[in-house]
Engineer: 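So that we are looking at the same thing, I have put the structure below in structure tokens.
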2 protein chains.
Amino acid sequence: MSRQRSDEPSSTRYEAVVEKLRAAVLAGEFAPGERLHEVRLTGRLGVSRTPVRAALQKLASEGLLDYTPNRGYTMREFSVGEVVSAYEVRAVLEGLAARLTAERGLSEHDRAVMVQALHDGDDLLQHWQFSDEHRSAYGRMNASFHETIHAAAGSRLLTDMVFLCQQVPVSSPRNVVAFEEKDVRRRHDDHHRIFEAIIGREPWRAEVLMRDHVTSVKSSLVRSLSSPDAVRRLLDRVQARS
Amino acid sequence: MSRQRSDEPSSTRYEAVVEKLRAAVLAGEFAPGERLHEVRLTGRLGVSRTPVRAALQKLASEGLLDYTPNRGYTMREFSVGEVVSAYEVRAVLEGLAARLTAERGLSEHDRAVMVQALHDGDDLLQHWQFSDEHRSAYGRMNASFHETIHAAAGSRLLTDMVFLCQQVPVSSPRNVVAFEEKDVRRRHDDHHRIFEAIIGREPWRAEVLMRDHVTSVKSSLVRSLSSPDAVRRLLDRVQARS
DNA sequence: GCTATCAAAAATGTATACATTGTCTTTGAC
DNA sequence: GTCAAAGACAATGTATACATTTTTGATAGC
């Protein structure tokens, strides 16, 4: 498992196909249960079956596709329940990551990165606006904060699993977008406290805080799913994501 | 992801190769960092490169091998720290599974399976002996108990992740073997309490009990690793496992 | 003796032909 | 008209040839 830096250009066709297919899948270009025929994809992607097969296998191993021997790959269906439980899994995993990081302590570099993320967040919240640019900057800051903790926990298995959680559609950290300003402010305040707990070497506190931090995202999601038009909006966003 | 029943005969060469290679890897036939050349494996396994490549990719996705583009697959190195953290991850995941199962409740069938497992465990402990047969029966009972809870939690992501934890060498549930009778008895008593908490619909209690249950296995492991000859014994077992 | 460079060898990446399996349609019997 | 069996078609599984990249080792230069 264990992915390489995604900003590096892919050195093989196989990797390029993985990225293209993943984007297509997340953009909702395949209906749940739909088969992904190897030959058709070859035409569309301009490569032979070999890299396509490898890419399909990888996406299946990430949980995006189903595979049955001699019958190929089909688009997986993600029920609301699966998305919710992905957040539940993420909550306990990120809680564990925070605990382990608090136990091990932060390197000087990681500490600086987190301080920067907290500072950037403070700034962004002070000049709050609804532009895409602003939201994407917030998303980057948020990802930086969380990823630093995952890495600092020092467990590759844990890092990989958090990645798998985020592969489930709609449960990417970028989805802060869907929620209200008040929730975002509260969550950024969580970040400050989590950092405090890690710096203060309080493993148990770090775990509880992080766990509830992620769980609150789940709650926001569930709440917004209770109004029917919110469901539609959310699904639209997933479908349209390119 | 999501594996099929392992007792079914594999319908493709690829699946057969996955099982053979996994066994070879777990048997310690490859040194950490050693490259697994496709062509050599072809000769050894009697199939062409195509199924071998697919199998290597699958084992890499399970975390057993490392992959670098244009450079192939290498045997991964598992430090003691990685094994320990695999248990830590498993502890929070199985704790979550127990909580979710306690929330959702057990089906009549699952309940019967767990009652059977508890009963079998009681029997086995009453007629304790050190035979391989006895230990393997205990391992089956233990797996049945835990797997029923994983499945009852109703989250495929969670099930798959617990599976991944168990792929880490030395962290398979069958390794009860290495520990003392007293520990085994205590752990079976944990099972009774966990079952009680699930039946009584006490999610929080089920989670805490399960989490500590798995953590205690980690502790036994760490303890047995503190004596040097125990380390050697353990490594021998891993190397010799066929 | 060490390092750098380049060529040969070997390994992985890719395309494609063939084999096997699954699926669908047609045909036949009841 | 319905069902079943057989065959044609299409999709996946496998082998293999070729392309590209990495690795190795030998040679030249310092």
Side-chain angles (χ1 to χ4, degrees), chain A residues 1-6 8-22 24-25 29-62 64-76, chain B residues 1-6 8-22 24-25 29-62 64-76:
Chain A
M1 198 167 285
S2 179
R3 281 132 304 288
Q4 58 179 20
R5 296 252 56 79
S6 59
E8 283 178 11
S10 38
S11 66
T12 73
R13 299 184 203 278
Y14 147 68
E15 295 169 276
V17 171
V18 167
E19 290 317 315
K20 281 190 188 176
L21 268 185
R22 198 209 307 281
V25 163
E29 294 186 27
F30 304 97
E34 182 180 341
R35 272 181 75 172
L36 282 80
H37 299 272
E38 296 174 3
V39 275
R40 279 186 222 176
L41 293 173
T42 55
R44 168 177 174 165
L45 297 162
V47 296
S48 80
R49 276 179 62 206
T50 310
V52 170
R53 270 180 78 80
L56 288 171
Q57 191 185 335
K58 173 143 185 77
L59 293 178
S61 83
E62 290 178 4
L64 254 51
L65 306 177
D66 279 324
Y67 169 71
T68 313
N70 292 314
R71 251 181 263 181
Y73 297 84
T74 57
M75 181 65 207
R76 225 186 111 181
Chain B
M1 197 164 289
S2 177
R3 283 133 303 288
Q4 59 178 20
R5 295 253 56 79
S6 58
E8 283 178 12
S10 38
S11 66
T12 73
R13 300 184 202 277
Y14 148 68
E15 295 169 276
V17 170
V18 167
E19 291 315 316
K20 282 191 187 176
L21 269 184
R22 198 209 308 280
V25 163
E29 295 187 26
F30 304 98
E34 182 180 342
R35 271 181 76 172
L36 282 80
H37 300 272
E38 295 174 5
V39 275
R40 278 185 223 178
L41 294 173
T42 330
R44 168 177 174 164
L45 297 161
V47 296
S48 80
R49 275 180 62 209
T50 309
V52 170
R53 269 180 80 79
L56 288 170
Q57 191 185 334
K58 173 141 187 79
L59 293 179
S61 82
E62 290 178 5
L64 255 53
L65 305 177
D66 280 324
Y67 169 72
T68 313
N70 291 314
R71 250 180 262 184
Y73 297 85
T74 57
M75 182 64 207
R76 227 186 108 181

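Keep in mind that the numbers below use all heavy atoms, side chains included, and drop hydrogens, waters and symmetry copies. Reminder, nothing fancy here: chain letters follow the sequence lines and each chain counts from 1.
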Engineer: For A:Tyr67 and D:dG13, is the shortest distance between a side-chain N/O and OP1 or OP2 below 4.0 Å?
Structural biologist: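 Yes, A:Tyr67 has a side-chain N/O under 4.0 Å of OP1/OP2 on D:dG13.
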Engineer: Between B:Gln57 (CD) and C:dT14 (P), how many Å, whole number?
Structural biologist: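 Nearest whole value for this atom pair: 11 Å.
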Engineer: So which of B:Arg53, B:Arg44, B:Arg71 actually passes salt bridge (Lys or Arg N to Asp or Glu O under 4.0 Å) with B:Glu38?
Structural biologist: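 Answer after filtering B:Arg53, B:Arg44, B:Arg71: B:Arg53.
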Engineer: I want to confirm an ordering. Mapping B:Tyr73 and A:Arg35 to their closest nucleotides on DNA chain C, which one lands closer to the 5' end?
Structural biologist: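 Looking at DNA chain C, the more 5' nearest nucleotide goes with B:Tyr73.
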Engineer: Would a 4.5 Å heavy-atom cut-off, applied to side chains only, mark A:Leu21 and A:Leu64 as touching?
Structural biologist: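 With C-beta onward as the side chain, the pair stays apart.
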Engineer: So what does B:Arg49 hit on the nucleic acid, given a heavy-atom distance under 4.0 Å: a base, only sugar-phosphate, or nothing?
Structural biologist: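 B:Arg49: base contact, heavy atoms under 4.0 Å.
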Engineer: Does a side-chain N or O of A:Arg13 approach OP1 or OP2 of C:dA15 to a distance below 4.0 Å, or not?
Structural biologist: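 So the side-chain polar atoms of A:Arg13 do come within 4.0 Å of the phosphate oxygens OP1 or OP2 of C:dA15, strictly under.
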Engineer: Let me know the distance between CZ of B:Arg40 and C1' of D:dT23, rounded to the nearest Å.
Structural biologist: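 For the pair B:Arg40 CZ and D:dT23 C1', the rounded distance is 12 Å.
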Engineer: What nucleotide, of D:dT14, D:dT23, C:dT14, holds the atom closest to the side chain of A:Thr12?
Structural biologist: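 The listed nucleotide nearest to A:Thr12's side chain is C:dT14.
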Engineer: Which of these nucleotides, D:dA11, C:dT14, D:dA15, is closest to any side-chain atom of B:Val47?
Structural biologist: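 For B:Val47, the side-chain atoms sit closest to D:dA15.
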Engineer: Could you state the atom-to-atom distance from CZ of B:Arg71 to C1' of D:dT24 in whole Å?
Structural biologist: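 Result: 14 Å.
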Engineer: In this structure, how many angstroms lie between the P atom of D:dG13 and the CD atom of A:Glu38, rounded?
Structural biologist: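 My rounded result for the distance is 6 Å.
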Engineer: Test side-chain contact (heavy atoms from CB on, under 4.5 Å) on B:Leu65 and B:Arg76; report intermediate values, then the result.
Structural biologist: CA-CA 5 Å; B:Leu65 305 177; B:Arg76 227 186 108 181; 5.9 Å; no
Engineer: Scan B:Thr50 against the nucleic acid and name what it touches under 4.0 Å (heavy atoms): base, sugar-phosphate only, or nothing.
Structural biologist: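 Base contact - B:Thr50 has a heavy atom under 4.0 Å of at least one base atom.
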Engineer: Base, sugar-phosphate, or nothing: which does B:Leu56 touch, judged by heavy atoms less than 4.0 Å apart?
Structural biologist: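 Since no nucleic acid heavy atom lies under 4.0 Å of B:Leu56, the category is nothing.
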Engineer: Quick check on DNA chain C: between A:Asn70 and A:Ser48, whose nearest nucleotide comes earlier from the 5' end?
Structural biologist: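 Residue closer to the 5' terminus by nearest nucleotide: A:Ser48.
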Engineer: Are B:Arg53 and D:dT14 close enough that a side-chain N or O sits under 4.0 Å from OP1 or OP2?
Structural biologist: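 No, no such contact exists.
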Engineer: Main chain of A:Ala54, side chain of B:Gln57: is a donor-acceptor contact present, judged purely on distance under 3.5 Å?
Structural biologist: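 Yes, the answer is positive, given that a donor and an acceptor are paired below the 3.5 Å cut-off.
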